[in-house]
Amino acid sequence: MKKVSIVMLSALLLAACGSTNDTAQQKDEKQIATDARISGDYYRTLLPFKESQARGLTSANMANAYNGDAFESGLFSISRRVFSPDDYLFRDGQLLTKNAVESYLEPQFTKEEIDAMDEDTRIERNAYANFGLNPSHHGETDPEKIAENSPAYLSHLLEQDYYTKKDAKNEKISGMTIGLAMNSVYYYQKEQYGEIYSQTLDTKLSEKKGKEMAEEILSRLRAKSELKNIPITFAIFMQSSEESIVPGNFVAYAVSDKGSQSLEKWKDVNEKYALLPSSDAEELNKKLNNDFKQFNDSLQSFFPNFTQAIGTGHFVNDKIKEVTINVPLDYYGKAEVVGVTQYISDLSTKYFSGVDNLEISIVDSDKPLALITKKKDDKEPKIHVYQQ
């Protein structure tokens with residue numbers, strides 16, 4: 001295979017099947033975005049809807065589902081700091097293809113490693129482009145030594161695209177956000193289908209690696225003509241372990257202004273998820289932690305066979321932003337579900353009146369029975385009982 005320049009390869013990897021240059025289709029579209037958004041915290045979506053080519057990789061690449069949900073929703077929060085929902089429309093990332101993301105997640109290959117691969121392996125691992133951002137193994141093949149010396153720090157990349165109304169009509173992207181999900185734990189096997197081992201990583205080093213990778217990704221994005229003169233935001237997400245039932249959190253973000261080849265000073269993100277009840281939650285908000293204990297005690301007295309609800313608090317700048325609760329119950333019938341849901345709703349008003357965003361899911365195993373939600377401006381909780 002002939003040698004191709006890094007700029008050309010970058011452009012090839014970033015090219016998307018559903019690019020913004022679908023002129024004929026856009027000219028026939030009278031409506032460029034959804035009519036309304038759910039609330040001021042959400043973006044209106046650019047029409048026609050186009051799903052990302054990298055769709056599906058988030059669930060596959062993240063340590064667990066909790067991390068995946070927090071990564072995607074949290075990246076919107078970062079984007080809102082730069083691209084106001086009042087001024088920008090959202091579209092699922094179109095520039096980073098599945099092939100590009102998978103290529104970026106590989107380790108850097110040495111020439112000797114590439115030479116030792118057969119043709120199929122080179123294609124499967126994108127070795128010709130050799131765009132891997134994770135540390136090179138330098139020919140090392142022992143999984144344990146790789147875990148110690150050159151583990152994979154980068155787990156996933158997520159792209160969000162933003163458009164002003166004017167740019168959307170002119171088929172021109174206005175801004176972009178890239179999220180980098182970093183590992184706090186590296187998992188490996190010493191043999192295929194064998195036992196899974198783990199190596200705890202230094203989160204400060206993982207964050208540092210993520211910032212270095214962001215600079216490299218920026219240089220590759222700027223090689224594409226439509227991305228040369230738009231603001232691009234990068235955000236670093238630190239994953240929790242596979243075993244954790246609370247997600248990781250964003251730790252920093254930075255912006256590259258229009259046409260800039262570098263990132264401005266990184267800004268710290270002060271957010272954390274904590275299990276309720278727990279010592280972490282008690283340290284962050286003692287009253288909330290105690291209220292949750294009393295909530296559980298009240299449920300226990302009402303339902304003799306009840307174990308306990310599991311809650312997660314999302315804290316931003318040391319203040320509670322959102323509480324999500326999962327209440328496991330045995331299903332006895334529709335009437336019982338309605339009565340239980342009303343009782344839990346009353347308890348939520350008693351114990352969580354100071355929480356702006358509250359979501360309580362009542363489930364039987366994995367089957368949803370009812371949902372209770374309350375937003376900041378709601379006077380009382382909203383209840384939905386699912387049809388069984």
Side-chain angles (χ1 to χ4, degrees), residues 1-19 50-63 68 71-72 75 92-141 146 150-161 173 176-183 186-188 206 209-228 232 234-237 239 256:
M1 182 179 181
K2 293 183 179 179
K3 186 176 181 181
V4 184
S5 72
I6 191 169
V7 173
M8 290 179 65
L9 278 170
S10 179
L12 287 170
L13 280 171
L14 290 169
C17 291
S19 69
K50 294 181 181 180
E51 64 183 41
S52 169
Q53 288 191 51
R55 181 176 179 170
L57 289 182
T58 299
S59 58
N61 292 341
M62 301 297 284
F71 184 43
E72 290 199 65
L75 195 59
D92 214 6
Q94 300 294 306
L95 281 301
L96 283 179
T97 65
K98 181 179 180 180
N99 190 48
V101 172
E102 291 176 336
S103 179
Y104 287 8
L105 300 182
E106 290 282 359
Q108 271 282 324
F109 299 120
T110 63
K111 182 179 183 302
E112 291 74 21
E113 287 173 324
I114 295 175
D115 290 342
M117 296 178 188
D118 59 34
E119 184 72 11
D120 289 341
T121 302
R122 291 180 189 179
I123 294 172
E124 181 184 350
R125 302 196 66 182
N126 298 295
Y128 284 118
N130 200 12
F131 271 179
L133 294 170
N134 277 309
S136 171
H137 297 165
H138 298 292
E140 181 60 68
T141 57
I146 290 173
S150 54
Y153 289 96
L154 178 64
S155 175
H156 187 49
L157 292 171
L158 185 62
E159 171 197 352
Q160 295 176 347
D161 296 343
I173 187 171
M176 175 185 285
T177 300
I178 301 291
L180 289 81
M182 311 303 295
N183 289 323
Y186 175 70
Y187 297 91
Y188 64 98
S206 192
K209 294 283 187 183
K211 291 176 179 178
E212 292 171 354
M213 293 174 185
E215 293 280 2
E216 175 59 27
I217 296 170
L218 175 64
S219 68
R220 297 178 186 182
L221 295 176
R222 291 299 190 201
K224 196 162 179 65
S225 59
E226 61 262 52
L227 305 181
K228 283 183 177 180
I232 303 179
F234 287 85
I236 307 295
F237 181 85
Q239 291 202 84
S256 175

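Remember, predicted model here, so these are calculated numbers, not experimental data. Throughout, numbering of the chain's residues begins at 1 and tracks the sequence.
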May I ask you to say whether Arg220 pairs ionically with Glu216, meaning some side-chain N is under 4.0 Å from a carboxylate O?
yes
Positive for salt bridge (charged side-chain N to carboxylate O under 4.0 Å, His left out) with Arg125, one of Glu106, Glu113, Glu102:
Glu106
Indicate whether any N or O donor in one side chain lies under 3.5 Å from an N or O acceptor in the other, for Glu119 and Tyr128.
yes
I want to check something: taking the side chain as every heavy atom from C-beta on, are Ile217 and Leu133 in contact at a cut-off of under 4.5 Å?
yes
Kindly indicate, with the supporting measurements, whether the criterion side-chain contact (heavy atoms from CB on, under 4.5 Å) is fulfilled by Leu95 and Glu226.
CA-CA 10 Å; Leu95 281 301; Glu226 61 262 52; 3.8 Å; yes
Side chains of His138 and Ser150 only: does a donor on one sit below 3.5 Å from an acceptor on the other?
no
Considering only heavy atoms from C-beta outward, does the side chain of Asn183 approach that of Leu154 to under 4.5 Å?
no
For Phe237 and Met62, work out which heavy atoms get closest and say how close.
CE2-CE, 4.1 Å
Shortest non-hydrogen contact from Asn99 to Asn126?
OD1-OD1, 2.7 Å
I'd like to know if the side chain of Arg222 pairs up with that of Ser256 as donor and acceptor (distance under 3.5 Å, no hydrogens or angles considered).
yes
Would you indicate whether the side-chain heavy atoms of Met182 and Ser155 approach each other to under 4.5 Å?
no
For Arg122, the salt bridge (charged side-chain N to carboxylate O under 4.0 Å, His left out) test, sequence neighbours excluded, returns none
Check whether the side chains of Ser52 and Gln94 place a donor and an acceptor atom closer than 3.5 Å, and report yes or no.
no
